[in-house]
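Heads up: numbering here begins at 1 and tracks the sequence.
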Amino acid sequence: MQRVTSFINYTTREGDTFDSLALSMYDEERLAHYIIAYNPDHADVIIFDANVALRLPVIDNVEMPETLPPWRRST
């Protein structure tokens, strides 16, 4: 189970997306829903402009599903 322990303040760069931020933050773009949940005022944004203030949650125990393909699993 994922648990949010804190968050990081982040200022977007032009072209950022929730998926790209999740990939950078968690090595898994499918966890973008955590970032969206912490930033509901921006939930409808597809591609961010520069200088948007966001909160990126820090997650403990990120679990990957057993159905994850072998090339996506870390060893």
Side-chain angles (χ1 to χ4, degrees):
M1 172 181 276
Q2 287 84 7
R3 189 176 67 130
V4 175
T5 58
S6 61
F7 66 90
I8 296 170
N9 290 313
Y10 177 78
T11 302
T12 61
R13 292 177 286 189
E14 187 169 340
D16 278 345
T17 64
F18 284 117
D19 292 348
S20 67
L21 293 172
L23 183 61
S24 176
M25 189 76 182
Y26 313 123
D27 281 337
E28 182 54 65
E29 60 274 354
R30 290 182 295 163
L31 297 178
H33 63 279
Y34 285 103
I35 300 171
I36 295 168
Y38 261 66
N39 300 278
D41 292 345
H42 302 289
D44 61 342
V45 175
I46 305 297
I47 300 173
F48 284 97
D49 292 329
N51 300 316
V52 177
L54 297 177
R55 293 175 12 155
L56 305 181
V58 176
I59 300 173
D60 282 345
N61 301 326
V62 174
E63 296 176 3
M64 294 300 150
E66 291 180 17
T67 58
L68 199 63
W71 61 87
R72 296 291 314 270
R73 297 179 195 149
S74 59
T75 53

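Judged as a side-chain hydrogen bond (donor to acceptor under 3.5 Å, both in side chains), and not counting sequence neighbours, the contacts of T17 are S20. With sequence neighbours left out, T11 forms a side-chain hydrogen bond (donor to acceptor under 3.5 Å, both in side chains) with no residue at all.
Contact between H33 and R30 at its shortest, heavy atoms only, is ND1-O, 3.2 Å.
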List the atom pairs, with distances to 0.1 Å, where a side-chain N or O of residues 39-58 and a protein N or O form a donor-acceptor pair under 3.5 Å, not counting sequence neighbours.
residue, atom, partner, partner atom, Å
N39, OD1, R55, N, 2.9
N39, ND2, I35, O, 2.7
N39, ND2, R55, O, 2.8

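With values rounded to the nearest 0.5 angstrom, L31 atom CG is found 11.0 Å from M25 atom CE. A distance of 4.0 Å separates CD1 of I59 from OH of Y26, quoted to the nearest 0.5 Å.
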